[in-house]
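Heads up: numbering here begins at 1 and tracks the sequence.
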Amino acid sequence: MNTDLYLGPSLRALEQRHAEDDLMRRAGTAAADWAGELALPGGLPVLVVAGPGNNGGDALVAARLLRERFFAVTVVFAGDTARLPADAATAWQDFTAAGGSTVEVIPERQRWALVIDGLFGIGLGRPPEGRHAALIEAINHIAERDRCPVLALDCPSGLDAERGAAPGVVVRATHTLTFIAGKPGLLTADGPDYCGQIRLARLDLDPPAELPPDGRCITPATFAEHLLPRQRNSHKGNFGSVGVVGGAPSMVGAAFLAARAALKLGAGRVYAGLIDPQAPDFDPLQPELMLRRPQALLQTPLTALACGPGLGISLEASELVETAIALDLPLLLDADALNLVGSEENLQQALAKRRLPALLTPHPGEAGRLLEIGADEVQADRLAAAREIARRYRCHVALKGCGTVVATVDGQWWINDSGNSGMATAGMGDVLSGLVLALLGQGWPPVPALLAGVHLHGAAADRLVAAGIGPVGLTASEIADAARLLFNDWLRQPPRWRRRRHAVRTVYNAHPPIRQSLAP
């Protein structure tokens, strides 16, 4: 799918600009083309469920074209022909003029090769009810019973295309053909569980040429200019000194996970400041790490700092967060550091006054505490929640979860579509913190570092699952190792999105100003 994402008002503006361009015919043709790939002619019939609006009109165009291509087609029409929008009414007339007819209920004993969901598109703002809800349940039952694909047009019926929320019954599509441009709700929250494979039909339009996208998907091209191969004449000082503050009693492992991930993604020196007085003097699994008391670490010249993994919510932890926020260097806050910020006004004020916006990486529960709402409210509109945290705290934010949302202080946002269900286990967020920290330490600007860390984190998990490791039983430590391999692949075998091939980044180990040079 194209990386540009648009919200409802922008999509409606684009449609209005092209009201005379017969977009419904183009949409129906694209649907018929993909349907023809999914269901062979001459076999079982295709079931088309057409709704009361323009989405139903798209489905009727597809049904007419499939009949012309010698598919057996049954159309269930769930609307009122007298109340159809103009374009959908024309599609209805063309369908019936070509000999097509509709039925009111799905034939009970019929088996199907494919179901086309044309009930509702992106405009439904409430849970489906009555007959429409029953039809959605029937589509899901047929798909399970007949093991046939379900092709949703624009958006699976019942799914909020902007928020990714599923407030009621939703069509569980195996394939979704979305029109004109990508929609954020297909990629975050419940969207990926209901959309299946997504394909974009732009309908011969070029949306970015007319309207700037509201947001974008994260891909390696998003941060490609910062993927700079190392020169042989390098030393550890070129790649930063980073620190992780955390590791309260019983939670030392979280700090170790973050620090190890930072080391494996190339930070020159990695320090871990552990709160637990009984913490070991060295990490037996990663002896390259340098362990110090947190107060000593915060006085060490660093190029970037992460505060929060395994931090706890003690008075000492609060004081450490306050000290970390006061440091004028790239800062990432995660886990209990976020919980402390959410509950202490002095930390909120200090965060808002920073010269460099901090990076926050909350999960939905932590995001809810930052916004003083429940995690379920965060999940109901992940995009709005991430943007509000960025605005309220003047920080760059990665709201973790299915379809991680990255929002920046200046209002930009992205959605990440890498990653899988194997990442729903302890320690994953700590590893993400370490990956982003390593990039910050090596001189990456904050926003590209956050985008790259988020995408790499998920892409590493995807690579492991593709190799047969998980998703069940996938561990955070394995992600760090896979991320190292993948990141080096990006550097060694630059794909087409790489532009700059020969450069070196130098970072000096000192508190600000953070200086870097890029030599061609």
Side-chain angles (χ1 to χ4, degrees), residues 1-19 21 23-24 27 53-55 58 85 120-127 152-167 170 173 176-195 198-203 205-219 222 364 367 371 373 377-392 396-399 401-417 447 451 454:
M1 190 172 74
N2 189 275
T3 62
D4 299 317
L5 300 175
Y6 287 80
L7 300 174
S10 298
L11 290 167
R12 287 190 289 273
L14 289 166
E15 290 175 347
Q16 290 170 1
R17 292 185 183 189
H18 295 273
D21 288 348
L23 297 181
M24 187 168 289
N54 284 329
N55 198 244
D58 298 337
F120 301 110
I122 64 174
L124 186 67
R126 63 185 188 282
L153 303 186
D154 216 10
C155 175
S157 293
L159 181 71
D160 188 317
E162 196 155 297
R163 299 173 179 84
V170 179
T176 296
L177 180 64
T178 199
F179 301 127
I180 300 178
K183 291 89 181 174
L186 308 186
L187 303 176
T188 193
D190 293 314
D193 281 325
Y194 288 100
C195 290
I198 300 173
R199 181 181 291 184
L200 172 64
R202 298 183 71 168
L203 310 186
L205 304 186
D206 185 8
E210 300 184 42
L211 285 178
D214 295 304
R216 292 179 174 85
C217 296
I218 306 175
T219 71
T222 309
L371 295 173
I373 60 176
E377 294 179 75
V378 171
Q379 290 294 80
D381 196 340
R382 290 171 49 79
L383 178 56
R387 297 175 76 182
E388 175 59 18
I389 294 171
R391 185 200 66 79
R392 185 179 302 186
H396 307 309
V397 178
L399 175 55
C402 182
T404 291
V405 180
V406 175
T408 63
V409 172
D410 61 2
Q412 296 184 83
W413 56 268
W414 292 260
I415 294 179
N416 183 54
D417 64 352
V447 173
L451 294 169
V454 165

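Under the 3.5 Å distance criterion, the side-chain polar atoms of Y194 are left unmatched by any main-chain donor or acceptor of A166. Side chain of D381 to main chain of R163: no donor-acceptor pair is present (N/O by atom type, distance under 3.5 Å, no hydrogens or angles). Looking only at distances, a side-chain donor or acceptor of R382 sits under 3.5 Å from a matching main-chain atom of G403. In terms of modelled atom types and a separation under 3.5 Å, the side chain of E210 and the main chain of L14 share no donor-acceptor contact. No donor-acceptor pair closer than 3.5 Å links the side chain of D21 to the backbone N or O of L23. Not one N or O on the side chain of T176 forms a donor-acceptor pair closer than 3.5 Å with the backbone of A152. The backbone N or O of A384 sits nowhere less than 3.5 Å from a side-chain atom of W413 that would complete a donor-acceptor pair. With D190 contributing its side chain and L159 its backbone, the two residues share no donor-acceptor pair below 3.5 Å. Side-chain atoms of T188 do not come within 3.5 Å of backbone N or O of G185 as any donor-acceptor pair.
Between R12 and E15 no salt bridge is recorded (no basic side-chain N to carboxylate O distance below 4.0 Å).
Residue H396 holds its NE2 atom at 10.0 Å from CG of L451, rounded to the nearest 0.5 Å. Note that CD1 of I415 is 10.0 Å distant from OG1 of T404, once rounded to the nearest 0.5 Å. The line from OG1 of T408 to CZ of R391 is 14.0 Å long, rounded to the nearest 0.5 Å. Taking CZ of F179 as the start and CG of D154 as the end, the distance is 5.5 Å to the nearest 0.5 Å.
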How far apart are the C-alpha atoms of V454 and W414, what are their side-chain angles, what is the distance that settles it, and do they pass the side-chain contact (heavy atoms from CB on, under 4.5 Å) test?
CA-CA 11 Å; V454 165; W414 292 260; over 6 Å; no
Between I198 and L187, does the side-chain contact (heavy atoms from CB on, under 4.5 Å) criterion hold? Intermediate values first, please.
CA-CA 9 Å; I198 300 173; L187 303 176; 4.0 Å; yes
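The shortest non-hydrogen separation linking A380 to A165 is O-CB, 3.8 Å. The shortest non-hydrogen separation linking A161 to I122 is CB-CG2, 3.6 Å. A pairwise comparison of heavy atoms in P85 and N54 identifies CB-OD1, 3.5 Å as the closest pair. Of all heavy-atom pairs between A189 and G164, the closest is CB-O, 3.4 Å. Residues A13 and L211 share a closest heavy-atom pair of CB-CD1, 4.1 Å. Counting all heavy atoms, side chain and backbone alike, G121 lies closest to C155 at O-CB, 4.1 Å.
Contact of the L11 side chain with the K183 side chain is registered, since non-hydrogen atoms from C-beta on lie closer than 4.5 Å. Contact annotation: the side chain of H18 never approaches that of L203 to less than 4.5 Å [non-hydrogen atoms, C-beta and beyond].
Screening D4, L5, T3, L7 against P213 for a side chain to side chain contact (heavy atoms under 4.5 Å, CB included) leaves a single residue, D4.
Residues satisfying the side-chain hydrogen bond (donor to acceptor under 3.5 Å, both in side chains) criterion with T219, sequence neighbours excluded, are absent altogether.
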